[in-house]
Amino acid sequence: QVQLAESGGGLVQAGGSLTLSCAASGRIFRLNVMGWYRQAPGKQRELVATITSGGNTNYADSVKARFTISRDNAKNTVYLQMNSLKPEDTAVYYCNVQSLGYAYWGQGTQVTVSS
């Protein structure tokens, strides 16, 4: 079993920045893809960004050039640097980790961007 601990959410003005962190712990053998998803009120959960164990990244079009995903394999941690935040980025952000064919989710962290 893998546990995920997220941190870094909060309230920020439009144009500001936030960095989310997600640390994995527990029975970790190999963390493959790590990523971030978000869910705004009344909307479906959507992919924000993912990163493979080899460092290949994938971003939603809406966040390209503004968000950067990275990971520290030694610390089993994935980060999401969010710049130039917009009110439409407001959502609960969830960390997701894939390991040995299983997908694990964090509890979510709220990001609110005021206009």
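Along the sequence shown, the residues carry numbers beginning at 1.
Under the 4.5 Å side-chain heavy-atom criterion for grouping Ile, Leu, Val, Met, Phe, Trp and Tyr, V97 is connected to I28 within one hydrophobic cluster. Hydrophobic clustering keeps Y79 apart from L20 (ILVMFWY residues linked when any side-chain heavy atoms are closer than 4.5 Å, directly or through intermediates). Both M34 and V111 sit in one connected hydrophobic cluster of ILVMFWY residues. Membership requires side-chain heavy atoms under 4.5 Å apart, directly or through other members. Note on L80: it clusters hydrophobically with L4, by side-chain heavy-atom contacts below 4.5 Å among ILVMFWY residues.
With hydrogens and angles disregarded, a donor-acceptor distance shorter than 3.5 Å links the side chain of E6 to the backbone of C95. Panel note: side chain R71, backbone T52; a donor-acceptor pair is recorded below 3.5 Å. No donor-acceptor pair under 3.5 Å is formed between the side chain of Q39 and the backbone N or O of V92.
Using a 4.5 Å cut-off on side-chain heavy atoms (C-beta onward), Q110 and T90 make contact. Within the 4.5 Å cutoff, side-chain heavy atoms of R38 are placed close to those of E46. In this structure, the side chains of N76 and V2 stay at 4.5 Å or more apart for every pair of heavy atoms. In this structure the side chain of R30 reaches within 4.5 angstrom of the side chain of N32, judged on heavy atoms. Residues V78 and I69 have side chains in contact (heavy-atom distance under 4.5 Å, counting atoms from C-beta outward). The closest side-chain heavy-atom distance from Y102 to Q1 is not below 4.5 Å.
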Under the side chain to side chain contact (heavy atoms under 4.5 Å, CB included) rule, what do V48 and Y94 come out as? Steps first, then yes or no, please.
CA-CA 9 Å; V48 176; Y94 296 91; over 6 Å; no

What's the verdict on side chain to side chain contact (heavy atoms under 4.5 Å, CB included) for W36 and M82, showing C-alpha distance, side-chain angles and the deciding distance?
CA-CA 12 Å; W36 292 93; M82 304 184 292; over 6 Å; no

Chi angles and distances behind the side chain to side chain donor-acceptor pair (under 3.5 Å) call for S114, Q13
CA-CA 5 Å; S114 63; Q13 289 188 332; 5.0 Å; no

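Nearest approach of S17 to Q81, heavy atoms of both residues: CB-NE2, 4.0 Å. For the residue pair P87 and A14, the shortest heavy atom distance occurs at CD-CB, 4.1 Å. Nearest heavy-atom pair, R66 versus L85, reported as atom, atom and distance to 0.1 Å: NH1-CA, 3.9 Å. Residues A49 and Y59 approach most closely at CB-CD2, 3.6 Å, considering heavy atoms. When every heavy atom of A24 is checked against every heavy atom of L31, the shortest pair comes out as CB-CD1, 4.0 Å. Residue A103 comes nearest to N96 through the heavy atom pair CB-ND2, 4.0 Å, listed as atom of the first residue, atom of the second, then distance.
Below 30°, between 30° and 60°, or above 60°: for F67 and Y93 the angle between ring planes is between 30° and 60°, a tilted geometry.
Within the model, atoms CG of N58 and OG1 of T50 stand 4.5 Å from one another, a figure rounded to the nearest 0.5 Å.
For the pair D89 and K86, the salt-bridge criterion is not met [side-chain N within less than 4.0 Å of a carboxylate O].
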